[in-house]
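Here the structure is laid out as structure tokens; the discussion comes afterwards.
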Amino acid sequence: MTRTAFITGGTAGIGEASARRFAAGGWRVIVTGRRGDRLRRLSDELGESCLPLELDMRDTEALLDAARLSGEWGEIGLLINNAGLAPPTEPLQDADFAALDNAMQTNMTGLVALTRALLPGLIERKGAIVNLSSVAATYPYRGGAVYGASKAFVRQFSLDLRCDLAGTGVRVTSIEPGMVETEFTLVRTGGDQAASDALYAGVDPMTADDIAETIWWVATLPPHLNINALELMPVSQSFAGFAVHREG
Ligand code: 8X3
């Protein structure tokens, strides 16, 4: 039986790599994103196993429409909630609220709306949900208040959802990566390629393929196994200590 995955944020990075990984594994992939040209390119590459859907995670009505797919494309057994972004790392007191709101709507509201809409079918098929959180859910850093909080939401939403889904056979996982070299920093900095290159320089960061392979592993485990949360970092990334401010 061909299995079907619904992957958000598939025009780049982890979403795009996941679309390729699942298509290569024989799955049908419904791939969403805002950039139609990129979606079309991916769909040309993956052929009949890919259904591209131009979709903005902030448009709840469009999300609910997209979730009403019928026929074989409606047989969704896996939801990969990958779409998400980070606002610039300005301290909250200096931040532009529109950028924060954009991240909150995409990372939380859109994710919940889509998950809610796809849940009846996922329950019927004893499917799985993989949510992309972040190490920022657990480890705070300056300028990360809204991003980190939104990813903590994703982590806790995943864990609480397991309670709601007890007895249904539906699996839920929170994937929490650290540094992955994607367009993440380019988006966060408003397109500053030099800042993005500088952040990843000499780091040997994780790749989108690393995370796609992890999602593949999680999703293809035997059905009695649930990975609740999985935190990953490149070896070169670790933790800093507490900051202490001294007068004088
Ligand atoms: C982003 C993780 O480590 O690049 O989700 O800030 S990190």
Side-chain angles (χ1 to χ4, degrees), residues 1-33 42 45-46 49-51 75-84 107 111 114-115 118-119 121-123 125-139 151-152 154-163 165-166 168-184 203-238:
M1 187 190 77
T2 306
R3 295 197 274 174
T4 305
F6 193 110
I7 305 172
T8 65
T11 52
I14 295 169
E16 185 180 10
S18 300
R20 288 203 178 95
R21 180 64 186 90
F22 280 82
W27 289 50
R28 274 191 294 257
V29 289
I30 300 157
V31 186
T32 78
L42 183 65
E45 176 193 326
L46 300 181
S49 57
C50 177
L51 176 67
E75 303 283 306
I76 297 157
L78 171 66
L79 168 60
I80 303 178
N81 273 317
N82 164 71
N107 298 3
L111 180 146
L114 184 64
T115 305
L118 290 176
L119 264 183
L122 288 167
I123 291 171
R125 286 179 281 281
K126 295 189 190 307
I129 301 169
V130 175
N131 291 326
L132 267 295
S133 175
S134 164
V135 291
T138 304
Y139 309 102
K151 291 302 178 178
V154 172
R155 174 193 167 82
Q156 196 61 32
F157 175 72
S158 308
L159 297 176
D160 279 284
L161 191 52
R162 290 216 60 227
C163 302
L165 294 171
T168 64
V170 177
R171 299 185 287 171
V172 188
T173 301
S174 169
I175 302 276
E176 300 164 13
M179 282 180 111
V180 186
E181 187 166 8
T182 61
E183 290 180 5
F184 175 84
V203 167
D204 198 9
M206 294 187 290
T207 65
D209 287 337
D210 291 333
I211 308 303
E213 196 57 42
T214 305
I215 297 171
W216 170 262
W217 174 71
V218 163
T220 56
L221 283 168
H224 67 285
L225 272 173
N226 193 94
I227 304 292
N228 296 334
L230 190 58
E231 194 183 278
L232 307 93
M233 276 181 171
V235 174
S236 54
Q237 185 180 25
S238 61

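These values consider heavy atoms only, across backbone and side chains, with no hydrogens, waters or symmetry-generated copies.
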Open item on the list: Just by distance, no angles: are the side chains of Y139 and E176 close enough, under 3.5 Å, to form a donor-acceptor pair?
Closed with: no
Task: Contacts of S134 that satisfy side chain to side chain donor-acceptor pair (under 3.5 Å) - sequence neighbours left out - done: none
Task: Pairwise side-chain contact, W217 with L230, heavy-atom cut-off 4.5 Å (strictly under) - done: yes
TODO: Would you check if L79 and T115 make a side-chain contact, meaning some heavy-atom pair closer than 4.5 Å?
DONE: yes
Open item on the list: Which heavy atom of P177 sits nearest to which heavy atom of V180, and what is that distance?
Closed with: CB-CG2, 3.8 Å
TODO: Please tell me if the side chains of L114 and F6 come closer than 4.5 Å, counting only heavy atoms from C-beta onward.
DONE: yes
Open item on the list: Testing the basics here: between M206 and G178, what is the closest heavy-atom pair and its distance to 0.1 Å?
Closed with: CE-N, 3.5 Å
- [ ] Consider only side-chain N and O atoms of T173 and N226, and report whether a donor and an acceptor are under 3.5 Å apart.
- [x] no
Task: Distance, nearest 0.5 Å, that separates CG of L42 from SG of C50 - done: 5.0 Å
Open item on the list: Within the 4.5 Å heavy-atom criterion, are D210 and L232 side-chain neighbours or not?
Closed with: no
TODO: Only one of T32, L111, L132 passes side-chain contact (heavy atoms from CB on, under 4.5 Å) with T8; say which it is.
DONE: T32
Check: residues 10-18 side-chain donor-acceptor pairs under 3.5 Å, at least two apart:
residue: T11; atom: OG1; partner: R35; partner atom: NH2; Å: 3.3
residue: E16; atom: OE2; partner: R20; partner atom: NH2; Å: 3.1
residue: S18; atom: OG; partner: I14; partner atom: O; Å: 2.7

Open item on the list: Let me confirm one number: the CZ-CD1 distance from R21 to I80, rounded to the nearest 0.5 Å.
Closed with: 11.0 Å
Task: Side chain to side chain, I7 and N81, heavy atoms closer than 4.5 Å - done: no
Task: Exercise: do D204 and S236 side chains pair donor with acceptor under 3.5 Å - done: no
Open item on the list: How close do T220 and R3 get, counting heavy atoms only, and between which atoms?
Closed with: CG2-NH2, 4.5 Å
Task: Heavy-atom pair of closest approach, residues R171 and L221 - done: NH1-O, 3.2 Å
TODO: Taking the side chain as every heavy atom from C-beta outward, state whether I215 and F22 have any atom pair closer than 4.5 Å.
DONE: yes
Task: Audit row: S158, N131, side-chain hydrogen bond (donor to acceptor under 3.5 Å, both in side chains) steps and yes/no - done: CA-CA 7 Å; S158 308; N131 291 326; 3.0 Å; yes
Open item on the list: Using 0.5 Å steps for rounding, measure from the CZ atom of R28 to the OG atom of S49.
Closed with: 9.5 Å
TODO: Using a 4.5 Å cut-off on heavy atoms from C-beta on, say whether the side chain of K151 contacts that of N107.
DONE: yes
Open item on the list: Is the shortest side-chain heavy-atom distance between L78 and T4 below 4.5 Å?
Closed with: no
Open item on the list: Using 0.5 Å steps for rounding, measure from the CG atom of L122 to the CG atom of L165.
Closed with: 8.5 Å
- [ ] State, to 0.1 Å, how close G9 and A83 come at their nearest heavy-atom pair, and which atoms those are.
- [x] N-CB, 3.7 Å
Open item on the list: Minimum heavy-atom separation for K126 and V170, please, with both atom names.
Closed with: CA-CG2, 4.3 Å
